[in-house]
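Lettering of chains follows the sequences in order, A, B, ..., and the numbering in each one begins at 1. Computed over heavy atoms, backbone and side chain alike; hydrogens, waters and symmetry mates excluded. These numbers come from a predicted model, not from an experiment.
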Amino acid sequence: MAITVPRPKLTWFERLYLPAIVAGMAITLQHFKNMLLGRTKVTMQYPEQKWDAQLPEHYRGAPALVKDEAGRIRCVACQLCEFICPPRAIKIEPGEIPVKDRFSKVEKYPREFDIDMIRCIFCGMCEEVCPEQAIFLRKDYAITGLTRAEMVHNKEKLLEIGGIMHGVVLKWNEKK
Amino acid sequence: MAEGPPSVNVQIDGVWHQFPKGTRVIEACAQLGVYIPRYCYHPKLSSPGNCRMCLIEMGLPRMGPDRKFELGADGKPVINWMPRPQICCAQDVAEGIGVRTSSPLVEECRRGVMEFLLINHPLDCPICDQAGECRLQEFSVEYGRADSRFLENKVKKPKRVQIGPRVTLDDERCILCSRCIRFCQEIAKDDVLGFTERGGHTLLTAHPDKPLENNYSLNTVDICPVGALTSSHFRFEMRVWFLKETKSICTSCATGCNTIIGSREDVIYRQTPRENVAVNSVWMCDYGRLNFEYLTSPERLLEPEIFSGNKLQPSDWKTVISHTALQLRHFTGWDIAIVASGRMTNEELWLTARLAQQLNVSLIDIVPRKGEGDDILLSQDRNPNTNGAKIILGLEGKTGANLEAIAASVAEGRIKALVVLGEDPTQFGITVEQLKKLPSFITMNILRSAATAHATAVLPSAAYAEKRGSMITGLGRLQRLNRAVRPPGQAREDWEILRDLLQEVTGSNGLGSIEDVFRQMAESIPPLGGLSLSKIGDLGVKVMATPENSTTPLPPGEPADEEIFERPLVHAPK
Ligand code: SF4
Ligand code: SF4
Ligand code: SF4
Ligand code: SF4
Ligand code: FES
């Protein structure tokens, strides 16, 4: 349905047009003066200065894998994030945890886990879909590299960014 | 058509329908497009009715004192609905009965059954190979609860149990439907599975001295509605939702079981049977199912090679084809012998026959391949296309009859050029020394062998899942292969290689696509007359009478093959 936006009725003074130009110019000159006198700063000197402390809680930076308190990689290679990832940035190679391993009850783990940070669009779908609370978007945003290969975060890199996540996924405890 | 069984009138969801006597109520509903949730029922197995998921409301026609149905205002029997639900998987249709497939009672029952099934079920979906094709997941979405009302701890059972060389069991996931047990009893005739313990602690186990190791064990994985039985080979390899499904056929024996090839990005992860009542019912053997490892073997031939400058060296296809043709044209027909393969498709065999015709070659044969068969599916004839080779190459009687003559002529030096397609000459009596002496030895194959090193031309070709084409089973059914993955390296589809070679020898032949090849072939081979690749369809067409000495068994539990075919039978030319 089309919406008709009413045009504002202007008074004759507003329709003169010139007073508004003059008022605008005055504001600009005011700022110019303040800057010359060093009263306002408009540019943050990145990367010497950073905005990191002010990043909001919900900020979506680089996706990363986390370990639980016992040091287990929480990811079980269910490949749901690989499936949901819109730009197909994730590539997982599942593996089987040997019977003798400390975490053998979990049976499955990611042998390889790559996220191509050239492709990632920081949408957060992987975090949302993960049934194991194993992948989170951290606050890292300055992802750089000189080659394409460098821009692919492998499992080690992802775990390094992710660190340890405390929380209550008790699913794989012995008693459950 | 023979008279079928008499029909009965059944009311389903308020509408009267007719079904042949002996139809299961669950199947009658399915014919109307109503899928009743089920776990233990499987159309090809007996119905124990033990899971209770298929509960419906049923009613019997009201009888008057005269033992006749009382008719209602609409002239149809009045139905007395039974006060409690009934299972519909073990119940045949009967005159005048009524069925309600969805009602508050039925929905309530399904929710109840689901809740019971999930009480002890582990939260394994993220690591369970069945996820994505699991009936428990599917019906949970429809009838499951989000939370559990059960406060007790879940019952612990053995996990990751190898109950056979190819099957892994997770007892916690088992819902005790007994499909696998019935399969082993009724189809595989190898009664090794059973339940032990009682109640919530009931366990599926294999007999302590007899693992589940019959050649059909992986079918239990297919029919297990949950992830309790999983394939050790496919275990944790790939989630099923990534797999591209290609309808094809198994080429490991003359039975030609219909299959679905599951692949992702040019890698095959698994093969599963596809229903075809005339060929394999819904089963296939483990040997055929797992016989695709060689596609990724390090021995794959990846580059065409040609003998030049005193040694065999890689080159491009154009050069190799023209030099190969040059080698062939150098000799007359009686200097050349061609050994083709019963693993080649009809199209490839037909191009081979054309090539032989052009070069005036009369020494031609295929290599027979025998193995132990059984009376379930596996045929003694391990060549998938012996019948095709017979009618297309015009081989009479037993295949392989000319091989001895070919080997002898090679030994005596009478054969100057040997063309071996898809076979290894050392397997039929030609030694490596004799090959070394041959002025021309042209081989088209998939894998490198002792012989390929001494060839004067090596043509790397495609495996069955990498190409299109058709084959004729041991029972005379024409079926289609489809391409699931691309051939590796520079390997090409065999029919393209042969077409190019033929073109080099004869000049242009107007064969641009495999459809063209089939069309021209159908014109000259009577049993294929009037058919095209697309007309073969997914289920194949019977084109030959079953040969009398056929070692290919009929599919278990299905009507005889001759009763199923859809096209007037054309007999193979004498
Ligand atoms: S944040 Fe989005 S784009 Fe990036 S890896 Fe996760 S799902 Fe893919
Ligand atoms: S969704 Fe979570 S558990 Fe599954 S593969 Fe991705 S990170 Fe691992
Ligand atoms: S293992 Fe699977 S098929 Fe066998 S009884 Fe359990 S759920 Fe049924
Ligand atoms: S019976 Fe023959 S065609 Fe069927 S799966 Fe086994 S080898 Fe393949
Ligand atoms: S499907 Fe009918 S009781 Fe199991």
Counting only heavy atoms not in [X], do more than 12 sit closer than 6.0 Å to its [atom1] atom?
X        : atom1 : result
A:Glu128 : CD    : no
B:His207 : NE2   : yes
B:Lys159 : NZ    : yes
A:Glu48  : CD    : yes
A:Met25  : CE    : no
A:Phe103 : CZ    : yes

Do you know the tightest heavy-atom contact between [X] and [Y]?
X        : Y        : value
A:Phe83  : B:Trp241 : CD1-CD1, 3.4 Å
B:Arg239 : A:Cys78  : NH1-O, 2.9 Å
B:Phe236 : A:Lys108 : CD2-CD, 3.5 Å

### Query
Is the shortest heavy-atom distance from the side chain of B:Pro126 to the side chain of A:Glu132 under 4.5 Å?
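Heavy-atom side-chain distance check passes, below 4.5 Å.
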### Message
Please report the interatomic distance CD1(A:Ile97) to CZ(B:Arg160), rounded to the nearest 0.5 Å.
### Response
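Going from the CD1 atom of A:Ile97 to the CZ atom of B:Arg160 covers 7.5 Å.
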### Query
Between A:Glu107 and B:Arg235, is the closest basic N to carboxylate O distance under 4.0 Å?
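Judged by the 4.0 Å cut-off on N to carboxylate O distance, B:Arg235 and A:Glu107 do form a salt bridge.
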### Message
Heavy-atom cut-off 4.5 Å, strictly under: side chain, backbone, both or neither for A:Glu82 against chain B?
### Response
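Looking at A:Glu82, backbone and side chain both touch chain B.
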